[in-house]
Amino acid sequence: MHSYKPGDIETKWQKYWLENKTFETPTDTSKPKYYVLDMFPYPSGAGLHVGHPEGYTATDIIARYKRMNGFNVLHPIGWDAFGLPAEQYAVKTGTHPRTTTEKNINKFREQLQAIGFSYDWDREVNTTDPDYYKWTQWIFLKLYEKGLAYEDEVAVNWCPELGTVLANEEVVDGKSEVGGFPVVQKPMRQWMLKITEYAEQLLEELEELDWSESLKEMQRNWIGKSIGAEINFEVSGYDEQIKVFTTRPDTIFGATYMVLAPEHHLVDSISTDEQKEAVEAYKDEAAKKSDLDRQELSKEKTGVFTGAYAINPANGEKIPVWIADYVLASYGTGAIMAVPGQDERDWEFAEKFDLPIIRTVQPDEDFEGKAYTGEGPAINSGFLNGLNIVEAKKKTIEWLEEKGVGTKSVNYKLRDWLFSRQRYWGEPFPIIHVDGEPKPLPESELPVRLPEVDKYEPTGTGEPPLANAKDWVETTDPETGKKAIRETNTMPQWAGSCWYYLRYISPDFDGGPVDPDYENYWMPVDLYIGGAEHAVLHLLYARFWHKVLYDLGLVSTNEPFQKLVNQGMILGEMEYTNAEGEKLSDEQVEKKGDDFVLKGTDTKVEARAHKMSKSRGNVINPDHIIDEYGADSLRLYEMFMGPLEQVKPWSTKGVEGVNRFLNRVWRLLVDEDTGKIHSKVKDVEAQKKHLKPLHEAIKKVTEDIEGLRFNTAISALMIFVNEANGWDVVPESVAKKFVKILNPFAPHITEELWRLLGHEETLAYKGWPEFNEEYLKEDAITYPVQINGKVRANISVPAEKAKDKDYVLAMAKEEEKVAKYMADGNLVKEIFVPGRIVNLVVK
RNA sequence: GCCAAAGUGGCGGAAUUGGUAGACGCGAUGGAUUCAAAAUCCAUUGAGCUUCAACGCUCGUGUGGGUUCGAGUCCCACCUUUGGUACCA
């Protein structure tokens, strides 16, 4: 028997591709290029899960399709291999993270190769390789030289359990994203990157990118641009001013009090003696609060009066100055003018502390709420009265500027990027401290390698693990010979992934991060696919670095990723659970109305698919799927499940379905007794009945690949095979074209079939078939005939008469059933849509 | 709360610019093959009504309205789910 045996075929071709370097990236730059990139994985100990191959199969299909269309394709993979898990494992077991990482990478590589991805394996990059992080450090030096990297004493998210500082995005609900440990605020010396300097560009240049609107919107929200004014308020009795930022300068007449963040620099100097004690107590309280506390207590506003008064420049009124933690030190100027009439937070605060409220915008008549934030004419606002918000804003700003007490201003939510971590397993900074001042190392000192250490824990005082490596820390300044101390922080995991797409272009280049000649050819990335979890951070950070490199003249494009798609998460199998959370089998459950119920009862049952997780026990291991059904089936199923970007539940039954399809393909072309090409595959001229389904498939598959609609492309391939299975003879030319268009989806079986069809060379570079509209034409067109919008009959019209309105309408009216309906009333309207439909309106 | 996306059979999902809703696959039912099973092949499969049967009819794309000869698709209001965000002045 020579039935379809994916195991044999797949290992054979994977070996062939590797040995022959089939997917080596071409180095000639004469042909059009296509750079198709995957988000490289963190090689975890758990190995690949079924989520990885989803995006990877999509890009692989594109890569293979583009090669067959004559493009030079760059399709690389690598490892984002710095990271906390390997370090935590090292803390526990003493195993060097390098050892763990290497082992995991080998496992990942093996798994990826077993799925038949057409990566150029000579271009792997590994962020933990000194030859790679040399250039990460080099880019950091450039950032430093440009003044974009600086040290600062900042309140950071300190996680005592992990012994490290976390970035805001690594803190979820006041706990560490990894491990769920409590996080507190602690001031520490840290490296920062001035991403805020690029805020406007990062926002503006989103426009030209071919990214989903929702993704762009997420980045816009993260950057959080707001336009308004800065206004100075004199403090009564002091030679001080409080500067505030507001998006609603038009409401200034309603500013009845002011609030400073507890950390504001003027708090101490303006507090009166009577209030000093209360102010100090409040400050202490606020400082102790963790993020979690601030959020939990956020429902109830708190604050303390400083005893000081400011002068509202609009009307000269004395207004009290308070401190409250609902005003953030890190946004705007750390102080606000409170306008309770038009701001919900201020209203709440004013109500609680009995502060005056003045409306300065006339609410709609039926408005019943408290603070009014909608449109309306200005009231109680002196010279602004009657103006709408936009006009009033403009006029206020003009007035402020004239008086010299304020100016138009723009603010961003985006903060500078906290760029250091107290960890071992990360890139060391190319920085030494001489006489207490930071100093960059010269390029010739790169890479600064990670030292060997005995233990991987932080010192406990917050000193990073590298501080334990005394011999390494204590060094000399190569320029002056002075004693120096190395920086012991390391870079965050994001660093390596900020520029890896450039390294693939020239992985061995030693004159810089990327060879300019090839950079110019390959950039930008034409298609980038990865998980939505990186929608904001990785993509924002990478864009930032890229723009810096662009400004330095090191890259030729201002944006790295032209088109970007997020694949949707794959959930576990659909599960039915009762109120107690116990799993039920399909047989125990039925649908009743809108709900699922326990069979024969009214007891509702929850029916849904859950995120895959070890604790739930619903994790699907791709290795098992490959063992059972083969890599081609895995690939095909992952693409057939549904639209790439959508979240969708896994179904192993579905894998069986596509596996059956591949079996049908095999039996269509191979004689299972001999293992040779089936005798019904003949070198004869193809007829219309063969060519029509074939070209329909070619057309649909081509268009759907271009549009990343792989699920419907596969459906078209299935339709062709269902049709072809009914043929007595399969023309060889038709068989070959079909094998070609199936190839990007199921590369192993198609290589094998191509070989059986008598070819020695790989199919990977054979031309993609073109479809011919001629073959798609129908001999006869079927028109549905509607009476008052309901289909009552179908008529068949010869193709050459199909566009002839009079002819088609006449045909329609002759139809017996149609005539019957027409007899019941008068024909008032005839609608004829060529090639589509006939509708007769009868009354 | 705010922002964004999405609601279609038992399930995953199809459906050009508004033009026959349910392609393709899973599951299910019946049949063929088999000593039997697996595999394979054939047929049926949105719900309901009528009929000996064929034909036919009614309803049906989250809910309620609207526009149109015609709405899954467009407009208005609402409900639900998912993702993001969270005192950002």
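The figures that follow rest on heavy atoms only: side chains count, while hydrogens, waters and symmetry mates do not. Order of the sequence lines sets the chain letters (A, B, ...), proteins ahead of strands, with each chain counted from 1.
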| Between the side chains of A:R415 and A:T196, does any donor sit under 3.5 Å from an acceptor? | no
| said: Under a plain distance cut-off of 3.5 Å, with no hydrogens placed, do A:Y576 and A:E606 share a side-chain donor-acceptor pair? | reply: no
| task | Using the C1' atom on both, measure B:A6 against B:C59 and round to a whole Å. | result | 26 Å
| task | Between protein and nucleotides 7-30 of chain B, map the contacts as a letter string: B base, S sugar-phosphate only, - none, heavy atoms under 4.0 Å, written 5' to 3'. | result | ---SSBSS-BB-BB--BBSSS---
| Is there a side-chain polar atom (N or O) of A:K790 under 4.0 Å from OP1 or OP2 of B:C59? | yes
| request: Provide the distance between the two C1' atoms, one in B:A21 and one in B:G60, to the nearest whole Å. | output: 9 Å
| message | Using the salt bridge (Lys or Arg N to Asp or Glu O under 4.0 Å) criterion, which residues pair with A:E344? Sequence neighbours excluded. | response | none
| query | Where each pair must be Watson-Crick or G-U wobble with both distances under 3.5 Å, what dot-bracket representation of RNA chain B is obtained, with crossing pairs in [ ] and other-strand partners as |? | reply | (((((((..(((......[....)))((((((.......))))))((((......))))..(((((..]....))))))))))))....
| request: Keeping the roles fixed (side chain from A:D704, backbone from A:N711), state whether a donor-acceptor pair exists under 3.5 Å. | output: no
| task | Can you tell me, in whole Å, how much space there is between the C1' of B:C41 and that of B:G9? | result | 26 Å
| query | Considering residues at least two apart in sequence or located in another chain, which fulfil the ring-ring contact (aromatic ring centres under 6.0 Å, His included) criterion with A:F349? | reply | A:Y257, A:W322, A:Y326, A:F353
| field | Set of side chain to side chain contact (heavy atoms under 4.5 Å, CB included) partners for A:M718, sequence neighbours left out | value | A:F640, A:V658, A:F661, A:I714
| message | Using a 4.0 Å heavy-atom cut-off, does A:S212 contact any base of the nucleic acid, only the sugar-phosphate backbone, or nothing at all? | response | nothing
| request: Could you tell me whether the side chain of A:E830 and the main chain of A:L840 form a donor-acceptor pair under 3.5 Å? | output: no
| remark: The side chain to side chain contact (heavy atoms under 4.5 Å, CB included) partners of A:D210 (sequence neighbours excluded) come to A:Q562, A:K563
| remark: Side-chain contact check for A:K301: nearest option of B:C87, B:A89, B:C3 is B:C87
| Base, sugar-phosphate, or nothing for A:R792, non-hydrogen atoms under 4.0 angstrom? | sugar-phosphate
